[in-house]
K.L.:
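Would you mind keeping the following structure in view while I ask a few things?
The analysis underlying the following values was restricted to heavy atoms, covering all of them including side chains, and did not include hydrogens, waters or symmetry mates. Numbering starts at 1 and runs along the sequence shown.
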Amino acid sequence: MKPLFAKTDMKNQEKKLLSSLVLVVENLRNPEALEPVLKALGARHIGYGAIPKYYGLVVEALLVTLEQYLQQDWTTEVKKAWLDAFRAITELMLKGVGEESSPKTVQSEKKTENLAKPAILKTEIQKEYQLFQSTAEPEKKSLISVQLDSEILKEIINDFIVNYQQFQTKISEQPLSEVLKQIPKKFIDTFWIAPTWLVCIVSVVVFTVVVVIVDENSPLAKALGAADSISLVVAVVLFIKEAPDRRKQFHYQAWSTIDAAHDVKVSYARILALQDLNKDGVSLRGLDAPRAELVEINLSHANLSKANLMESDFTNANLSYANLDNANLSQIKLSGANLSYAKLGFSRLNQANLSSANLSGANLICADLSHTNLSGADLRDASLSGANLKNAKVSDDELSNAFLEGAIMPNGSRYKSSLSDR
């Protein structure tokens, strides 16, 4: 199985595996949340090159790992529990494989093959899954077929002619240097717009031309002749073209993890999913995670506007430059959190714990900070204009470096600067 991971970032893979196992453990009694996630995971594994017999190998490896790690805690009951969990995972993933397979392609084969292949596959599957007696159906390999619709081909050719004519017009109207600058951009745009099969064909043709032109004694020719070069070219093209789809699938899985953890207080998978989505620049606007434990989470620059995070625990979290405008942060724990330059305008922070938090440069315009604990908070250059600080636990010294124009002070009075008094 090692070739499947030859170009894989193993650190990231470790994190994904841990997230998946945590998700399963947390939702074993909630199959409605697990089923769509694991089916989608199984369907994706077809593209990774996974076949049914690999599932048994993975289960064996995980069981041995758990036994070595847990040692005396690896009891018969624990082993049975994990075995049941892996059975559930495998069955749901293989359901996803079955749904992904194309029945039309299978039917198009010869009748004798239709009768023979399922029987062979069924025997192989049963041998591989004696470890956990899975009742899952065998994987049906989906065959890839490329059908060239004449109308689609005409449309592609017409588009190419139109683009070529436009290109010729630009050459005549613009300086050559400007036209040359546009070529790489046009090439990249065409690469992403064109169908995958067309890009593969063009790549193979170009590659073949290069091989023919290059001197057979040159180092390049030797390098190209030393490998299955055409397969390599196609593989590279497919890998690049499918990158956006893989990223979408990852985002879907991350959101599924977050949704599955709703109303769950502690979920390490949710923490990893939120951090990964934010790292990819995905908006977390409107996130609904009340009473969640998100201690020390790193969501710097995150868009959490209008999020519902009431009673959540963000102790020592990194929320610097985060957008929390209009968020419900009532009774939230933010002690020791980094909220420097965060946007908290019109947010509800009543009864929140912000002790020792870093709020330097933060925008708290018209925020509700009533009954909030701000003792020891860094409020340098923080904007509290129009904020409600009634009954907040904060000293005059801590407020001295903040902008307080129009704010309701802890004693209930409205702040007025000496300039406005004049």
Side-chain angles (χ1 to χ4, degrees), residues 9 11-12 14-16 18-19 22 247-248 250-255 257-259 261-262 265-349 352-367 369 372-374 376-384 387 401-403:
D9 180 350
K11 287 293 180 184
N12 192 35
E14 288 171 13
K15 187 166 61 174
K16 287 181 180 179
L18 178 61
S19 299
V22 170
R247 182 56 56 191
K248 287 179 184 177
F250 166 70
H251 291 166
Y252 170 81
Q253 185 178 3
W255 278 117
T257 302
I258 295 166
D259 292 342
H262 193 268
K265 184 177 180 181
V266 181
S267 171
Y268 300 112
R270 175 174 54 199
I271 291 174
L272 294 174
L274 286 169
Q275 290 181 153
D276 287 341
L277 286 171
N278 183 52
K279 188 177 179 181
D280 280 356
V282 177
S283 174
L284 303 175
R285 185 175 183 271
L287 174 68
D288 188 27
R291 294 170 289 279
E293 186 174 301
L294 300 167
V295 176
E296 296 183 350
I297 193 170
N298 182 7
L299 292 177
S300 177
H301 295 83
N303 181 6
L304 288 159
S305 58
K306 296 187 177 181
N308 178 19
L309 301 169
M310 64 177 296
E311 300 181 35
S312 294
D313 191 349
F314 278 80
T315 303
N316 296 323
N318 182 11
L319 292 164
S320 58
Y321 295 92
N323 181 0
L324 288 151
D325 288 340
N326 295 290
N328 181 5
L329 308 174
S330 177
Q331 302 179 57
I332 193 172
K333 294 178 183 177
L334 284 162
S335 57
N338 182 6
L339 288 154
S340 57
Y341 299 97
K343 296 179 181 179
L344 292 151
F346 297 92
S347 60
R348 282 176 279 172
L349 280 157
N353 184 0
L354 285 157
S355 59
S356 302
N358 181 4
L359 287 159
S360 58
N363 181 359
L364 290 146
I365 292 176
C366 297
L369 293 158
T372 297
N373 182 3
L374 286 160
D378 184 356
L379 293 166
R380 286 176 298 172
D381 299 321
S383 179
L384 292 160
N401 294 318
F403 299 102

K.L.:
Between S300 and S320, is any side-chain donor less than 3.5 angstrom from a side-chain acceptor?
P.N.:
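S300 vs S320: donor-acceptor pair found between side chains.
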
K.L.:
Would you give the length of the straight line joining atom CG of N318 to atom CG of N338, rounded to the nearest 0.5 angstrom?
P.N.:
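Going from CG on N318 over to CG on N338, the span is 5.0 Å.
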
K.L.:
Is there a side-chain contact between T315 and E293 (heavy atoms, below 4.5 Å)?
P.N.:
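No; the side chains remain at least 4.5 Å from each other.
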
K.L.:
For R285, which residues count as a salt bridge (Lys or Arg N to Asp or Glu O under 4.0 Å) partner, sequence neighbours excluded?
P.N.:
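Not a single residue meets the salt bridge (Lys or Arg N to Asp or Glu O under 4.0 Å) criterion with R285.
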
K.L.:
L344 pairs by side-chain contact (heavy atoms from CB on, under 4.5 Å) with which of L329, N323, I365, L319?
P.N.:
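One option only clears the test, and that one is L329.
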
K.L.:
Measure the CD-CZ distance between Q331 and R348 for me, rounded to the nearest 0.5 Å.
P.N.:
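Reported value, rounded in 0.5 Å steps: 11.5 Å.
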
K.L.:
Can you tell me which residue pairs pass the side chain to side chain donor-acceptor pair (under 3.5 Å) test with a partner in residues 272-282, sequence neighbours excluded?
P.N.:
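As it turns out, the side chain to side chain donor-acceptor pair (under 3.5 Å) pairs with a partner in residues 272-282, which skip direct neighbours, are K15-D276, R247-D280, H251-D280.
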
K.L.:
Just wondering, do L384 and L369 contact through their side chains at under 4.5 Å, heavy atoms?
P.N.:
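Counting from C-beta outward, L369 and L384 do come under 4.5 Å.
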
K.L.:
Below 4.5 Å, heavy atoms only, C-beta onward: do I258 and L277 meet side chain to side chain?
P.N.:
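The answer is yes; the side chains approach within 4.5 Å.
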
K.L.:
Under a 3.5 Å threshold, yes or no: a donor from one side chain and an acceptor from the other, between N328 and S330?
P.N.:
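No, no side-chain donor-acceptor contact under 3.5 Å.
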
K.L.:
Once ring pair (Phe, Tyr, Trp, His ring centres under 6.0 Å) is applied, what residue pairs with a partner in residues 268-320 remain, sequence neighbours excluded?
P.N.:
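Ring pair (Phe, Tyr, Trp, His ring centres under 6.0 Å) check on residues 268-320 returns H301-Y321.
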
K.L.:
Verify side chain to side chain contact (heavy atoms under 4.5 Å, CB included) between L379 and N401, making sure each step is shown before the conclusion.
P.N.:
CA-CA 6 Å; L379 293 166; N401 294 318; over 6 Å; no

K.L.:
Any chance you could measure D325, atom CG, to L364, atom CG, to the nearest 0.5 Å?
P.N.:
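So the CG of D325 and the CG of L364 are separated by 10.0 Å.
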
K.L.:
Does the pair T257 and L272 meet the rule for a side chain to side chain contact (heavy atoms under 4.5 Å, CB included), with working shown?
P.N.:
CA-CA 9 Å; T257 302; L272 294 174; over 6 Å; no

K.L.:
How long is the straight-line distance from OG of S340 back to CG of D381, given to the nearest 0.5 Å?
P.N.:
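Here the interatomic distance stands at 11.5 Å.
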
K.L.:
Does L284 reach the side chain of W255, with side-chain heavy atoms less than 4.5 Å apart?
P.N.:
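Sidechains of W255 and L284: in contact.
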
K.L.:
Quick one: does S347's side chain have a donor or acceptor within less than 3.5 Å of a partner on N326's backbone?
P.N.:
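No.
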
K.L.:
Under a 3.5 Å distance rule, please check whether N308 uses its side chain to pair with a backbone N or O of P290 as donor and acceptor.
P.N.:
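A pair under 3.5 Å: no.
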
K.L.:
Rounded to the nearest 0.5 Å, how far apart are NZ of K265 and CZ of R270?
P.N.:
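If we round to the nearest 0.5 Å, K265:NZ and R270:CZ are 11.0 Å apart.
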
K.L.:
Once rounded to the nearest 0.5 Å, what's the spacing between atom CG of L359 and atom OG of S383?
P.N.:
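Spacing of CG (L359) from OG (S383) equals 12.0 Å.
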
K.L.:
Is a donor on one side and an acceptor on the other found under 3.5 Å between the side chain of S267 and the backbone of A261?
P.N.:
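Side chain of S267 to backbone of A261: no pair is present.
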
K.L.:
When L334 is tested against each of N358, L339, N373 for side-chain contact (heavy atoms from CB on, under 4.5 Å), which residue passes?
P.N.:
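Looking at N358, L339, N373, the match for L334 under the side-chain contact (heavy atoms from CB on, under 4.5 Å) is L339.
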
K.L.:
Taking all heavy atoms of A254 and all of A273, pick out the closest pair and write down the distance.
P.N.:
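Distance-wise, the nearest heavy atoms are O-CB, 3.6 Å.
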
